[in-house]
**Q** 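Mind looking over this structure? Questions follow.
First the proteins, then the strands, lettered A, B, ... as listed; each starts at 1. What you see below is based on every heavy atom in this structure, not just the backbone, and it leaves out hydrogens, waters and symmetry mates.
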Protein chains: 4
Amino acid sequence: MPKRDREATRARLLEAARLRFAREGYDATSVRDIAKDSGVDATLIFRYFGSKKRLFDEATAAHAPPGLLDGPAEELVARMVRAVVLHDWTEYGGEHPLVAMLRSSAHEDTRQRIREEVCDTYVTALRDLAGGEKTEDAELRAELLSAWLVGIGILRSVVATPELAKAEAGDLAPHVAAVATALLGRPMSGLPKDGGSEG
Amino acid sequence: MPKRDREATRARLLEAARLRFAREGYDATSVRDIAKDSGVDATLIFRYFGSKKRLFDEATAAHAPPGLLDGPAEELVARMVRAVVLHDWTEYGGEHPLVAMLRSSAHEDTRQRIREEVCDTYVTALRDLAGGEKTEDAELRAELLSAWLVGIGILRSVVATPELAKAEAGDLAPHVAAVATALLGRPMSGLPKDGGSEG
Amino acid sequence: MPKRDREATRARLLEAARLRFAREGYDATSVRDIAKDSGVDATLIFRYFGSKKRLFDEATAAHAPPGLLDGPAEELVARMVRAVVLHDWTEYGGEHPLVAMLRSSAHEDTRQRIREEVCDTYVTALRDLAGGEKTEDAELRAELLSAWLVGIGILRSVVATPELAKAEAGDLAPHVAAVATALLGRPMSGLPKDGGSEG
Amino acid sequence: MPKRDREATRARLLEAARLRFAREGYDATSVRDIAKDSGVDATLIFRYFGSKKRLFDEATAAHAPPGLLDGPAEELVARMVRAVVLHDWTEYGGEHPLVAMLRSSAHEDTRQRIREEVCDTYVTALRDLAGGEKTEDAELRAELLSAWLVGIGILRSVVATPELAKAEAGDLAPHVAAVATALLGRPMSGLPKDGGSEG
DNA sequence: CATGAATGAGGGTTCATTCAT
DNA sequence: GATGAATGAACCCTCATTCAT
């Protein structure tokens, strides 16, 4: 681990920030906490990121799991569930980043960021499956399905209800397929046997 | 009326606290904010409640809408959706209290409080409908449906996706009925024509 | 000296601020310095004044010596010299407040404040003596005389040139009278025998 | 040309420092400001000058306009006024360096520097004109005249009173001659028709 | 020799909370 | 019992300066 390495230091700050901001939210996290966690002087946060706010923005920049939108259309919902249930979000404290960001949703900026990622990534893709704009209330049904995914993420990690907290992707497969098929008006498959390329 | 002043002051503090905590979250709310909002000296918060934390606990004490669990079983889900969509949560800044509390979920205490209300009120009632403990994965299916309700609440107010934000209970009725029926394995009705006894 | 006395505490803060700001200037003075000097907690600065800047503004609020503009017109210049030379400016570190404020003249706000007091109090009164607006270049001559007063104040305290630093009002009397008479185009008297009501 | 780079870099740092220190004062100027202005790494300030303080000292080293003390004695005061009013002090932000240094007069070192230049250059020369040490109060009268010059500089640039701010040397000529003659006890001329050898 | 990463002290300011009055 | 003055810790951030590379 080389000292005096700009990129390495930046990365360590980002890593610590990601974890703290996810677990404790923006307000409950101090720059000194992040500095201590990463073993880096707090001043460097301002040198490299300018402000606590900008560090937050960069640390929580949206990262949909790669490949989420690629692959067979009928498996899209299954891939989304896997993103919530299976994907390795250790970097974000074990939660889907969107769920973690809710903890900072007291600030309108954060709400805006959540809104953009939910709409651009999830709702948009699901709306296309639901028949696009030509179909009556495709948007609403896409939002309802997105709401379900978000809700599952919250009950799993924030609320930690007993069954969802320990559920694996396979446990949810039949229910997912049934509900998605009902909402989108077209057959959706469950989850493939293996976890695919997911971590 | 010196006797009732104490109660009136307490009530005003609680009211202001409820609104602030819901809108801005625990950390972003200062006791001085609450004092100013309610026109009361900040010291009284400590006299009456002991600490900011205890004021928060009391202000956000769970309040399921009255009558939520009463009435025909097949309309339970419809009543729950109405609790999220229709009920007048002005006191809590316009959001379902559970959704508002997510903003303060940086603290484990708050998570515990959310967990209890979600499980005790929503999951429990839905599990009974899904067949009780004797039925395979009734708990999981109840949690999945609860997750959906929570998710709808979040997308409506926090994320404010376009269609859900403006949806009324009637818009969601058919979808609700279809999904609930599928998940619970028994027919659930949509919403009655009128808003029922909801405020 | 009563504790927990709002006005007394405010006054002590103002006194300490006046001295520090005068001696060291705005930037070199920290709120903690002022707090330590006055034996008051630094937080109270913000409670009572809102910000360091507003404390500065209040501490350096212009105070022309009372009676400066009252009395025989031909003695006005003499009174002004006395204000610079004799008046007890201990509160401001021994200098005329305007001179002290030059130490903070890096900030445009302060320059504006100096400008207003110089123009409103000194230049205006002298311009009237020089013949008012109807006389050719009365304004210029009034400004030139004001410049002289300011310059005397600076050489006395900031630069501390040997003779001016120790000069008393009587030492300057003949020169003052001569120059003022020449500049204003009307006879100005020197200083009265005694120091009058000045401290 | 690696040999001259060092000198060129030093010169650029000095130039930027001169401007910043003059305009904003010592405390409000950061070494990073100077480094940025000159396009030079901030570390070089410490390599070349040792500290911010020593850079300040070097950047504000006294520079009486060349030729100030040469020429006919009866024109000395006129030349001094020209130094304040006409000389191109762009390097110092447009003000006479002594005036600019008042902005940093919170520090005794700076006051000492101002004192030396005022005494050695201005007061000394004027005292000789006033009759030298053998004449009663020649020193005082020399200081009074110096005070006037300093005061004019301040009202022109810091305070920016309307007439002095726009005055040119010619506007001040008659008043200068009259006052100087009165104070020094010997005839002083106004300004020559042209600007003379001034830059 | 020059770059820039690192440092530690201190800046103004706000916080929840306590204690006189 | 109610008011508000006082407190001290902590906040984000900037500073002049040093030390590896």
Side-chain angles (χ1 to χ4, degrees), chain A residues 2-10 13 26-35 39-56, chain B residues 2-3 5-6 9 26-35 40-56, chain C residues 2-10 13 26-35 39-56, chain D residues 2-3 5-6 9 26-35 40-56:
Chain A
K3 297 289 193 67
R4 302 216 172 231
D5 180 327
R6 179 189 178 92
E7 287 312 314
T9 301
R10 246 188 83 99
L13 283 171
Y26 183 82
D27 290 316
T29 298
S30 80
V31 296
R32 284 179 174 87
D33 288 336
I34 296 171
V40 167
D41 189 276
T43 311
L44 297 180
I45 288 176
F46 303 96
R47 190 171 181 48
Y48 292 147
F49 301 95
S51 70
K52 178 189 179 184
K53 178 63 169 54
R54 286 218 278 271
L55 171 59
F56 175 79
Chain B
K3 195 79 156 293
D5 265 355
R6 182 185 173 92
T9 301
Y26 182 82
D27 292 312
T29 297
S30 78
V31 295
R32 279 186 174 80
D33 287 336
I34 297 170
V40 167
D41 189 278
T43 311
L44 295 182
I45 289 175
F46 300 94
R47 173 175 298 292
Y48 291 157
F49 301 95
S51 71
K52 178 187 179 186
K53 179 64 170 57
R54 287 216 279 273
L55 170 58
F56 175 80
Chain C
K3 297 290 193 68
R4 304 220 169 225
D5 178 328
R6 177 189 178 92
E7 286 313 312
T9 300
R10 244 188 84 99
L13 283 171
Y26 183 82
D27 290 316
T29 298
S30 79
V31 295
R32 286 177 172 87
D33 287 336
I34 296 170
V40 168
D41 189 276
T43 311
L44 296 180
I45 289 176
F46 302 94
R47 188 168 180 52
Y48 292 146
F49 301 96
S51 70
K52 178 189 180 186
K53 178 63 168 56
R54 287 218 278 270
L55 171 59
F56 175 81
Chain D
K3 194 79 157 294
D5 264 356
R6 184 185 172 94
T9 300
Y26 182 82
D27 292 312
T29 297
S30 78
V31 295
R32 281 187 173 80
D33 287 337
I34 297 171
V40 167
D41 188 279
T43 312
L44 296 182
I45 289 175
F46 299 93
R47 173 177 297 294
Y48 290 158
F49 300 94
S51 71
K52 177 187 179 184
K53 179 64 170 56
R54 287 217 278 274
L55 170 59
F56 175 80

**Q** Pairs under 3.5 angstrom, nitrogen or oxygen only, protein versus nucleotides 8-10 of chain E, please.
**A**
residue, atom, partner, partner atom, Å
E:dG8, O6, A:T43, OG1, 3.1

**Q** Side chain of B:Y48 only, please: which of E:dT17, F:dA2, E:dT13 is the nearest?
**A**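 Nearest to the side chain of B:Y48 among the choices is F:dA2.
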**Q** Output the single nucleotide from E:dA16, F:dA6, E:dT7 whose closest atom is nearest the side chain of A:L44.
**A**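 In terms of side-chain proximity for A:L44, the closest of E:dA16, F:dA6, E:dT7 is E:dT7.
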**Q** To the nearest 0.5 Å, how far apart are OG1 in A:T9 and CD in A:E7?
**A**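 A:T9 atom OG1 to A:E7 atom CD measures 9.0 Å (nearest 0.5 Å).
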**Q** Take atom NZ of D:K53 and atom P of F:dC15, then tell me their distance rounded to the nearest Å.
**A**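 That distance rounds to 20 Å.
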**Q** Provide the closest heavy-atom pair for C:K52 versus C:Y26 in the form atom of the first, atom of the second, distance.
**A**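 In terms of heavy atoms, the two residues are closest at NZ-O, 3.1 Å.
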**Q** Just to be sure I follow the notation: if a pair is Watson-Crick (purine N1 to pyrimidine N3 plus N6-O4 or O6-N4) or a G-U wobble (N1-O2 and O6-N3), each under 3.5 Å, what dot-bracket string does DNA chain E give, with | for pairs to another strand?
**A** .||||||||||||||||||||
**Q** OP1 or OP2 of F:dA6 less than 4.0 angstrom from a side-chain nitrogen or oxygen of C:R47, does that happen here?
**A**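 Answer is no, no contact under 4.0 Å.
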**Q** Report all side-chain donor-acceptor pairs from residues 43-50 of chain B shorter than 3.5 Å, counting only partners two or more places apart or in another chain.
**A**
residue, atom, partner, partner atom, Å
B:T43, OG1, B:D41, OD1, 2.7

**Q** Between C1' on F:dT7 and CZ on C:R6, what's the gap in Å once rounded to a whole number?
**A**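 To the nearest whole Å, that distance equals 17 Å.
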**Q** Distance check needed: E:dG4 C1' versus A:R10 CZ, whole Å only.
**A**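 Taking CZ of A:R10 and C1' of E:dG4, I get 15 Å after rounding.
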**Q** Measure from CG on B:D33 to P on E:dA16 and round the result to the nearest Å.
**A**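 About 8 Å, once rounded to whole Å.
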**Q** Could you tell me the separation between the CD atom of A:E7 and the P atom of E:dA6, rounded to a whole number of Å?
**A**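 In whole Å, E:dA6 P and A:E7 CD are 11 Å from each other.
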**Q** Between A:G39 and C:G50, which has a closest nucleotide on DNA chain E that is more 5'?
**A**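 Taking each residue's closest nucleotide, the earlier one in sequence belongs to A:G39.
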**Q** Taking all non-hydrogen atoms of both residues into account, name the closest pair between C:A42 and C:V31 and its distance.
**A**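 Nearest pair, atom of C:A42 first, then C:V31: CB-O, 4.5 Å.
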**Q** Rounding to a whole Å, what distance do you find between D:I34:CD1 and F:dT14:P?
**A**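 From D:I34 CD1 to F:dT14 P: 18 Å.
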**Q** What integer distance in Å separates B:K52:NZ from E:dC15:P?
**A**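 B:K52 atom NZ is separated from E:dC15 atom P by 9 Å.
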**Q** With DNA chain F as reference, determine whether D:F46 or A:T29 sits nearer its 5' end, using the nearest nucleotide of each.
**A**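 Mapping each residue to its closest nucleotide by heavy atoms, the 5'-most match is A:T29.
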**Q** Describe the nucleic acid contact of A:V31 in one word from base, sugar-phosphate, nothing, applying a heavy-atom distance below 4.0 Å.
**A**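 Sugar-phosphate contact only - A:V31 comes under 4.0 Å of backbone atoms but never of a base.
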**Q** Please state how far atom CD1 in A:I45 lies from atom P in E:dA6, giving the value in whole angstrom units.
**A**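 Those two atoms, CD1 and P, are 12 Å apart.
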